[in-house]
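Contents: one structure, followed by commentary.
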2 protein chains.
Amino acid sequence: MLYCQIMTPFDRPPVGMNLARTSKVVAQAFDAAMVEAGGTLPVWLTLLSVKSKELANQRELAGMIGIQGATLTHHLNAMEAQGLLTRRRDPENRRVHQVALTEAGEAMFERLRKAALAFDKRLRTGIPDDKLAEFAEVLAALRRNAEPPQS
Amino acid sequence: MLYCQIMTPFDRPPVGMNLARTSKVVAQAFDAAMVEAGGTLPVWLTLLSVKSKELANQRELAGMIGIQGATLTHHLNAMEAQGLLTRRRDPENRRVHQVALTEAGEAMFERLRKAALAFDKRLRTGIPDDKLAEFAEVLAALRRNAEPPQS
DNA sequence: ATCTAATCATTAGATATCTAACTTTGTCTT
DNA sequence: AAGACAAAGTTAGATATCTAATGATTAGAT
């Protein structure tokens, strides 16, 4: 048994490991759903961040979806090459690139949005809302506990 | 607001997104703890799998920690080069490579095990055990709901 | 007004992961 | 016993991510 070397008090695998495994399985399934709709998980997140705050700078966009600026640059390059979005310098501050979706980008967003909503519904089947609320609370607590690396 | 385009019934971000973000933050914090103890997250998982079932074949080991065989090969190459483990062919079935820890590998395992246990304790602070049990149940439900891609 | 700092983005190089193709070895069928 | 098929691992090539270094532009200080 994998966990016998690190078993927690109540014979459950460590919560972090359980979290990571579940997240991986769910993310892979979500990515498959996005591919079926013509995109990918990171493309969906990028579109979502751009739609949520058009004209935001790239650091803000990256922060919204939990990746680094350099990673976002990569996705934006690919998506710009695909014709999903455009970048142009802000005339007010020529350091920032303003990102905007093209028509094709808007269409892709709509397709992926429908697929994402369907996936979320499927993911929640059989789980009552009060359970989901408590689940979200524990997730928040885990984030809080993970953050302070030194104290 | 990032979620306004995909808001779920009760004004909460989609559960899958919440799960992924939390898992990423927690995994990064865990990796930092492993680095502080002289290893990395994947090295820890690899050691754990080998310790859990010595002489297992590599597919079994990979499956235990949720990665593909090809990915495990990569880690084993690096760890063998570091002198943490050895591979030799099983005389009974020369297709399989038997993996075993060296003394240095055992020592690394002990160090990382202590760090992993400490991390798990820190991660659980302030979360009562019944909450954790319900949390694990929801994780299991999410895994189940994610799996059936077509039906 | 110029020099220094900070900010935004990109580039470069590393790690971790996946899938698909390939090699070696073993099993099964006829 | 030969040939086809299956299994275990590795290799090759792709994607996603990170950190650190670099370039361009702006803001601030003296």
Side-chain angles (χ1 to χ4, degrees), chain A residues 20-21 23-32 34-35 39-47 49-50 53 55-82 85-99 149, chain B residues 20-21 23-32 34-35 39-47 49-50 53 55-82 85-99 149:
Chain A
R21 289 293 284 275
S23 178
K24 185 171 183 175
V25 167
V26 170
Q28 285 174 340
F30 185 79
D31 188 59
M34 290 297 105
V35 167
T40 66
L41 200 166
V43 163
W44 159 243
L45 289 178
T46 304
L47 290 171
S49 72
V50 173
K53 190 177 180 191
L55 305 189
N57 70 45
Q58 293 185 201
R59 272 192 63 174
E60 286 175 307
L61 297 181
M64 257 187 261
I65 59 180
I67 63 178
Q68 295 305 118
T71 305
L72 184 65
T73 294
H74 224 244
H75 294 308
L76 291 179
N77 287 344
M79 292 169 70
E80 191 172 24
Q82 277 184 267
L85 51 83
T86 60
R87 279 184 283 193
R88 65 174 207 292
R89 302 206 99 107
D90 181 348
E92 310 266 300
N93 179 349
R94 295 185 40 73
R95 285 173 302 187
V96 339
H97 280 178
Q98 291 178 335
V99 180
Chain B
R21 289 292 285 273
S23 178
K24 184 172 184 176
V25 167
V26 170
Q28 285 174 339
F30 185 79
D31 188 59
M34 290 297 104
V35 167
T40 65
L41 199 167
V43 163
W44 160 243
L45 290 177
T46 305
L47 290 170
S49 73
V50 173
K53 189 176 180 192
L55 305 187
N57 70 46
Q58 293 185 200
R59 272 192 63 172
E60 286 175 305
L61 297 181
M64 258 186 261
I65 58 181
I67 61 178
Q68 296 303 120
T71 304
L72 184 65
T73 294
H74 224 244
H75 294 307
L76 292 179
N77 287 344
M79 291 169 69
E80 192 172 24
Q82 277 183 267
L85 51 82
T86 59
R87 279 184 283 193
R88 65 175 207 291
R89 304 205 99 107
D90 181 349
E92 309 265 299
N93 179 349
R94 294 186 40 74
R95 286 174 302 187
V96 339
H97 279 179
Q98 293 177 333
V99 179

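Protein chains get the first letters and strands the later ones, always in sequence-line order, with residue 1 at the start of each. The figures here come from the full heavy-atom set of this structure, side chains too, leaving out hydrogens, waters and symmetry mates.
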Within the structure shown, what part of the strands sits under 4.0 Å from [X] by heavy-atom distance: base, sugar-phosphate, or nothing?
{"X": "A/L72", "answer": "nothing"}
{"X": "B/H74", "answer": "base"}
{"X": "B/R87", "answer": "sugar-phosphate"}

message = With heavy atoms of chain B within less than 4.0 Å as the criterion, where does contact along DNA chain C begin and end?
response =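 Endpoints of the contacted stretch of DNA chain C: C/dA16 to C/dG26.
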Quick check: closest heavy atoms across A/D31 and A/P42, and the distance to 0.1 Å?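 Of all heavy-atom pairs spanning A/D31 and A/P42, the closest is OD1-CD, 4.3 Å.
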Rounded distance in Å - [atom1] ([X]) to [atom2] ([N]):
{"X": "B/N93", "N": "D/dA8", "atom1": "CG", "atom2": "C1'", "value": "8 Å"}
{"X": "A/E92", "N": "D/dT25", "atom1": "CD", "atom2": "C1'", "value": "14 Å"}
{"X": "B/R95", "N": "D/dA7", "atom1": "CZ", "atom2": "P", "value": "8 Å"}
{"X": "B/N57", "N": "D/dA6", "atom1": "CG", "atom2": "C1'", "value": "14 Å"}

Can you give me every donor-acceptor pair (side chain of residues 62-73 of chain B, partner residue at least two apart or in another chain, under 3.5 Å) with its distance?
unit_1 : atom_1 : unit_2 : atom_2 : d
B/T73  : OG1    : B/G69  : O      : 3.2

- What's the base orientation of D/dA6: syn (chi within 90° of 0) or anti?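 Base orientation relative to the sugar is anti.
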_Taking the nucleotide of DNA chain C with the nearest heavy atom to each, does A/Q58 or B/D90 sit closer to the 5' end?_
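By nearest-heavy-atom nucleotide position, the 5'-most residue is A/Q58.
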Could you pull out all residues at least two apart from A/Q28 that satisfy side chain to side chain contact (heavy atoms under 4.5 Å, CB included)?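 A/Q28 satisfies side chain to side chain contact (heavy atoms under 4.5 Å, CB included) with A/K24 only.
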A correct dot-bracket answer for DNA chain D, with pairs being Watson-Crick or G-U at under 3.5 Å, [ ] for crossing pairs and | for inter-strand pairs, is |||||||||||||||||||||||||.||||
Show me, pair by pair, the donor-acceptor contacts under 3.5 angstrom made by side chains of residues 89-96 of chain B, not counting sequence neighbours?
unit_1 : atom_1 : unit_2 : atom_2 : d
B/R89  : NE     : B/R94  : O      : 2.6
B/R89  : NH2    : B/R94  : O      : 3.3
B/D90  : OD1    : B/E92  : N      : 2.8
B/N93  : OD1    : B/R95  : N      : 3.1
B/N93  : OD1    : B/R95  : NE     : 3.2

Original post:
For A/N77, what residues pass the side chain to side chain donor-acceptor pair (under 3.5 Å) criterion, not counting sequence neighbours?
Top reply: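 Per chain and number, A/N77 pairs via side chain to side chain donor-acceptor pair (under 3.5 Å) with A/R87.
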